[in-house]
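Everything below concerns the one structure shown next.
Quick note: numbers below take in every heavy atom, side chains included, and nothing from hydrogens, waters or symmetry partners. Each chain gets a letter, A, B and so on, in the order its sequence line appears, and its residues count up from 1.
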Amino acid sequence: MNSTRTRTIRVCRGTGCNSLKANPVHEELVKLIQEWNLTEFINVKKTGCHGFCQVGPTFIIDPDNVLYVNLKTNDVVDIVKHHLLEDKIVERLLYKDPKSGTFIKNMNDIQFYFEQKPIITENCGKINPEDIDEYVIEGGYDSLRKTLKHYSPLEVIEEIQKSGLRGRGGAGFLTGQKWLLCHEAPGSPKYLICNGDEGDPGAFMDRTILESDPHSVIEGMLIAAYAIGAKYGYVYIRAEYPLAVERFEFAIQQAMDAGYLGNNILNSGLDFNITLKKGAGAFVCGEETALMASIMGKRGMPKPRPPYPSTSGLWDKPTNNNNVKTYSFIPKIIKKGFNWFSSIGTHSASGTLVVALTGKINNSGLVEIPMGTSIGKIVYDIGGGIPNRKRFKAVQIGGPSGGCIPARFSDTKMDYKSITALGSIMGSGGFIVLDEDTCMVELAHYFISFIQKESCGKCVPCRIGTKRMLDILNKIREGKANQEDIKVLENLAHTVQKTSLCGLGQTAPNPVLTTLKYFKNEYEAHVLDKTCPALVCKNFISFLIDKNSCTGCEVCKTSCPSEAISGISKEPHYINPDLCVRCEICFSLCPNNSISKVPKHTIKE
Amino acid sequence: MSNKTNTLKINDTSVEFFDGQTILEVATKAGIYIPSLCYIENLTPYGGCRLCIVKVEGMRGYPTACSTHAQHDMKVITNDKELRELRIEVLKLILSEHPFSCLVCDNKGKCEEDGRNESKAGRSFGCFFCSSKDNCDLRKITNYLELDDVEYQLEYKNSSLKRKDPFIEVDPNMCILCGKCVRICNELRKVGAINFANRGHDTKVSTAFDLPLIDSNCQFCGACIDVCPTGAISSKNTKWFDKNSKVTASICGFCGIGCKFDYFSYDEVLAESIPNKINYSNNKFPCLFGRFCIVPFNNGNERLKYPLVKFNNKLIPSGWDEAYNTIKENLMKFRPDEIAILASVDLSNESAYILNKFAKKILKTDNITLTAFLNNKYSEQHLWRNANINGVLKNITLNNKKSQEEIIKDIKSGKIKALYLTERLDNPEIVKNIEYLILQDIFPSKCFQFTDVVLPTCTFIEDSGTFINSEQIPSYFSQAALKVGESKPDWKIFCELATIYDNSIESEFRFSSADDINEEIIKKQTDLILHDSEILMENFNVPTHSFEEKTSEFITQRSKLELFKYRGEPISNQVEDLKNLIEYRKSKSSEEKPNLEIKKLKKTRFKVISNNEIAINFFQLVIEAPLIASKAKPGNFVILMKEEISERIPLTISDWDTVKGTITLYFQEAGYSTMELTDLNTGDYLYSVVGPLGNDIEIKNFGTVLLAGGCYGNGAIYPIAKALKSAGNKIIVILEARNENLFYLEEEFEEISDLIVYCTSDGSKGLKGKILTGLEHINSQGLNLDRAYFIGCTYMMRDASDYTKERGNIPTFVSLNTIMIDGTGMCGCCRLTLIQDGKEITKFACIDGPIFNGHQIKWDELFSRNERFEEPEISIYQTHSCKAIEKFNAGDIDE
């Protein structure tokens, strides 16, 4: 027992790990520590997410700097017994590098981490988000004090302007500029909105910040409120983020109790209150005018701009609206100065970028990298490459509003200019990696059907245009389209882009336009050859049982919902293509991988 | 907002504007047209239709003119190639979900030349299935952009119609989601009965929880109808009027607000009342009485048409002179102080002035007062709504020495022995001891039992004149429709009676119009004693200040809807929908389940087996009728009646099953009677089915036979085609419709035809075009026809017959759906003229037809005969019953 050292075990309790059953693992740890009387030496700390969601649930053991991954309840006893008591690292629970195949003992050696530059995610996974003191110990609310003491509102704005910070919501408008407009706009009271209605499929940057470091957002909002002269703030968080809502509400209460929110904050004369507003599940409410309508109790429908919110926003008063991450950057910039910030990243895009890395990638999770990091570096180094030795095909950046960038542009730097030049948008940080098994028509179809469902229904191009695009994409997928349809689709995409009312509609055709631009051959294969090169579109594929490897185990036969599979036990089976509904059940269940997808016409021949 | 004028450039022309104006407002004022579907003046810009996109120098993208404020030195381009192309693309998208065959049809010019009338269909689908063709904004913009083809297939949403609510009918399939109705309901009317529901492609305009309007907060003001650019929301009972018919600007005379209305009339009969557009921007709130009740009230079946004089204790119709003379004769028997006159508050100033003069100069009595003073039950609210209380009181108290209270006391005490009423009394018992009673009214009432002479008079729709509205300002109303029967305006009756009474002062009562009277009133204005506020306030607590802010408040007094009267007649008595609304809300407020009685049809031999809408507006009706089924032959028809009081409808027997004993009929909803048929459900009974009627068709092997059907005709040619096929003929079929959604029986036709050609106006299936396109196609294939049958609308049959006559005189037969009544050749309604060898021969479609040689028909006559019931076809929607039958039931017509 004398080998027991004082340690802190950080248990990630972000939404990602929670859904991987971190709760029982956490409870098991607490239980064992108590049972084994280790409470004196071992501090178990609940933290937010540190980004590596692929490997959750996780423990990080300080000061040893050891990361245990993919933990199950019965793994905990080994860690307690061997690591904590015997000082022996439990190798089998360490992270295994996908390239070298070795277990990595020091988490700083994991490429996923050491390539990153955490600024706003610095506290994430490090502090307990439900304890304001931990935030304060890390220097929290110092920037607010500094601001109130040393800066005039205009000086704050100047500082932010000089830092070159751009809004992280997607459009990349200069934050300082936006604040100045709102500061100068006549009218009172002024409002502040923090947009946490993160709705892009596969994106969870804002959620992580709200769950893991809520006070950084509150502090950022306070500084912004001081700069533009706002008295009231709204944080709009989608209701599908219950943990973020819960933690943020808690954080607001703690900040109020500590005197960081309310009247006469820190005796400076600044009054500021934050109300949390839960979104009701409409994607379009991420659009600022729709979001404001929603806050005001109306149906979330965008309004034409101008007038812009900075002059006429909530209840027609000047309103400043920024993304969660944007606010989170503010305390850091104030703390370390604009020079420090603008030295990170590229000339036109300073600072770091938080990316939600998902899709066909080994290390999915949340990463923060300097602006200008290349796509290739994110995919291969931080992301650890594509699983199952598949070929990297493309990356979808910016969610449904973004575009698809093919693998050949791997050297492209992640900054506003370069990404826009390729027909995509930076968006708020969605980064979906696609491999060779992805059909680009199917991908475009997926995003258009998403937008189609999420359109607010107000303007014609978005409501009907995307429906017509969807019709054509369906025709293409089903093999009923001709070349004229591709032309109509492209023309339609441009119409929707040019004539839609809000950003949602204007960017909705991007997935179609970029896939048409970079993968036209795939569209043509569907239309002219009636094939799907990625073997995804059901009308163009068949399933085939390899006679040589089939053992006749009958798993496929018994699970087939359409009774398309026939064969005698212990003898090779056969799929009748006319009865097959291409549900892929047999394909996924075959224990010998004897079933393969083939182009439909090969069967006929 | 300053009034400083600024200038901007629109398409290189300098235009002045004020701060706060949008580009659209500036351009419209300068006469520059920018298409728009969702803009409503003075309401928050919406920017949803995307048609008003413009280019502004220095601005990103394409801002919408409706939402972008004009700025000094702005440079705007409203129309160039790029904008036009984008607008066309957007318009095509709108049309891809709104029936558009009528907009892009190659034939639309010709149809319009023919002056076709609308088929009064349930679902609007194309020009002649649509009630708002004449004011369709999509049509205007399609023409402006010269769009003639939409490459998308129409996505018809096929939502069910909402036609169960009073007054308002909704066809969601026509909605383009411009949001005008939502904004007018929420922003201007502040009712908030409707809003958008769902998202994306499922977005729709809906009440909360998609409840019927009657269960929502809807006040039935109809503002949504009047802003709807497509006819998705329409006035249920009055929508089928010709929007290009005569318009008269006047006011609503139901209350003292006097909202401005435009009255449309057809053949001098009132067809629709629509609030004047200005009302929507000046914050006035026309209510359901003006919007929906004026027409059915004014056109009520029971309106008094002739003077009635009591003879042998019975009121019998008589001439005016007889009535006047009787009045004179009888009134002479009384002393002046035994005679009193009661003035209605709904009289015009002119009538009230003349009435006063009549009392003073002819009857020489001061006993003139308001009926309202005698009606104890008159509630103050009721009264202050009345049209002209200010004006009437002012006029009748002119030079009056006797106080109002005294007159009332005299009447009640029995001092008065003869009474001249200008509207009925709520409680006729008050006058039962009066010896001689004259009643001037518009509808019959309980007062009749004590009345000696009834004089029919006019409403504010049939007369002109002035009211003094509640703001004490004279407002003018003009005659908008013809008088009913022999009724006369009030002032005219007084003048004529005065002249007959005492010819010596005829000159004082010589007026040719209300205007003449008004001139005299103005001359004597100085003599008028203004009682207004004092008397009104004291007696009735009538506010005399501006009504603006009060208006919306008293419209919403739902529970009081039944109190609203005109000339003493509760408006709900004459307006069925209003009556239903009142009863429904009453039962709701009493927390009982609304007892909506479903009319059970009497059990007969003719049971409905099924009734389904198989294509838009087309129904397949299968009826149990074994005797008819056993006798039916191709070409036969039946005449059916839904109820005892229904119209008789001739329908071709399309199929029959002698084993099951059923017949199959296809009908198209095209008017009130067919609308009633759409309600039939399995298990219902029809009052009567008569048939098989008409002559059989000759069935033998002719060789190659063409059968062409249009719309409802598709069902009618089917039995002929089937029979001819089994006789060994080569069958060529042309099916014609506006859009593929209107075809039915396609499978059956494919089975029996050797060649089938589809023609659609919008090209959605087969050839783009009409019957002639199909015929050309057949011709180009080099097919020789031995015989041709055409069944469809009269226009289709005429065009096709002309074609076959020119191309080799192919024997051509058409089926004539003329107006039939008895089906036995006795009534003569289905009369038509054939020209055989240069001679005109009269035939009757029901017994000589219905199949005739298409080359012999005198088409022009047929067209005009088919149009002759246009007015009653429209008005039956307002009154929900046939005038003749009601009269018959009431015993007004002897058998």
Side-chain angles (χ1 to χ4, degrees), chain A residues 171 280-285 289-290 293 298-307 311-312 316 448-472 475 484-485 487-488 491-506 508, chain B residues 22 37-38 44-53 55-56 59-69 71 82-83 85-98 150-155 157 175-179 182-183 186 192 195-205:
Chain A
F283 177 70
V284 72
C285 287
T289 54
K298 296 179 185 168
R299 179 181 161 94
M301 277 206 192
K303 273 192 338 191
R305 294 180 306 181
T311 52
S312 176
D316 298 332
I448 289 294
S449 73
F450 177 85
I451 287 292
Q452 218 289 304
K453 282 184 199 126
E454 290 297 340
S455 163
C456 77
K458 181 172 181 175
C459 80
V460 172
C462 182
R463 181 184 74 242
I464 308 177
T466 56
K467 181 73 200 319
R468 295 287 86 84
M469 288 170 75
L470 190 66
D471 290 349
I472 297 173
K475 266 168 90 181
E484 188 58 31
D485 287 316
K487 267 187 219 155
V488 175
N491 187 25
L492 198 48
H494 285 295
T495 305
V496 174
Q497 195 175 44
K498 285 179 182 167
T499 57
S500 284
L501 169 66
C502 79
L504 177 82
Q506 285 160 8
Chain B
T22 62
L37 282 169
C38 66
T44 322
Y46 186 66
C49 76
R50 313 310 289 168
L51 286 170
C52 70
I53 48 170
K55 287 182 184 170
V56 178
M59 277 177 91
R60 211 157 42 109
Y62 307 88
T64 40
C66 67
S67 66
T68 312
H69 283 267
Q71 274 164 21
E82 195 188 357
L83 287 171
E85 277 168 9
L86 284 173
R87 282 177 188 151
I88 287 180
E89 289 302 321
V90 173
L91 182 62
K92 277 193 221 167
L93 289 174
I94 298 172
L95 294 182
S96 74
E97 304 202 332
H98 177 99
V150 180
E151 67 257 33
Y152 308 114
Q153 286 283 349
L154 170 72
E155 186 180 352
K157 290 184 179 166
C175 179
I176 56 165
L177 290 170
C178 65
V182 170
R183 280 174 290 145
N186 287 276
N195 211 320
F196 296 104
N198 302 343
R199 331 192 246 273
H201 197 246
D202 299 332
T203 311
K204 61 175 183 180
V205 173

Do you know which two heavy atoms are closest between A/R299 and B/N198, and how far apart they sit?
NH2-O, 2.7 Å

As an exercise: rank A/T495, A/V496, A/I451 by heavy-atom pairs under 4.5 Å with chain B and give me the winner.
A/T495

Report yes if the side chains of B/H69 and A/P307 come closer than 4.5 Å at any heavy-atom pair, otherwise no.
no

Cut-off 4.5 Å, heavy atoms of chain A, and the answer for B/I176 is backbone

Per side-chain contact (heavy atoms from CB on, under 4.5 Å), A/V460 is matched among B/L37, B/V90, B/L177, B/L51 by B/V90

Between A/P304 and B/T64, what is the shortest heavy-atom contact and its length?
CB-OG1, 4.2 Å

Toward chain A, the part of B/F196 with a non-hydrogen atom under 4.5 Å:
both

The criterion is ring-ring contact (aromatic ring centres under 6.0 Å, His included); which residues satisfy it with A/F450, sequence neighbours excluded?
A/F283

Side chains of B/Y152 and A/L492: closer than 4.5 Å at any heavy-atom pair?
yes

B/G47 and A/C459: which non-hydrogen atoms are nearest, and at how many Å?
O-CB, 4.4 Å

Near A/K298 NZ, under 6.0 Å, is it more than 12 heavy atoms from other residues, nucleotides or ligands?
no

Approximate separation, where rounding is to 0.5 Å, of A/R305 CZ and B/R60 CZ:
7.5 Å

Does any heavy atom of chain B fall under 4.5 Å from the side chain of A/T466, the backbone, both, or neither of them?
neither

Under 4.5 Å heavy-atom distance to chain B, tell me which part of A/V488 shows up: side chain, backbone, both or neither.
side chain

A/K498 side chain near B/L86 side chain, heavy-atom distance below 4.5 Å
yes

Pair count under 4.5 Å, heavy atoms only, with chain A: among B/G61, B/A197, B/C66, highest is B/A197

Cut-off 4.5 Å, heavy atoms of chain A, and the answer for B/S96 is both

Okay, B/E151 and chain A: the region with an atom under 4.5 Å from a heavy atom over there is side chain

Using side chain to side chain donor-acceptor pair (under 3.5 Å) as the criterion, list what pairs up with B/N186, not counting sequence neighbours.
none

Using heavy-atom distances under 4.5 Å, tell me whether B/I53 contacts chain A through its side chain, its backbone, both, or neither.
side chain

Under 4.5 Å to a heavy atom of chain A? For B/D202 that would be neither

In Å, rounded to the nearest 0.5 Å, how long is the span from CG of B/N195 to CE of A/M301?
7.0 Å

Rounded distance (nearest 0.5 Å) linking atom CG of A/D471 with atom CD of B/Q153
10.0 Å

Does atom NZ of A/K453 have more than 12 heavy-atom neighbours from other groups under 6.0 Å away?
no

If I compare all heavy atoms of B/R50 with all of A/S500, which pair ends up nearest, and what's the gap?
NH2-O, 3.3 Å

Starting at CZ of A/R463, measure out to CD of B/E97 and round the result to the nearest 0.5 Å.
6.5 Å

With only heavy atoms counted, which part of A/L470 is less than 4.5 Å from chain B, the side chain, the backbone, both or neither?
neither

Contact summary for B/R199 and A/E454, nearest pair of heavy atoms:
NE-OE1, 3.1 Å

A/K458 side chain to B/Y46 main-chain N or O, any donor-acceptor pair under 3.5 Å?
yes

With side chain to side chain contact (heavy atoms under 4.5 Å, CB included) as the test, would you mind laying out the steps for B/K92 and A/R468 before giving the verdict?
CA-CA 11 Å; B/K92 277 193 221 167; A/R468 295 287 86 84; over 6 Å; no

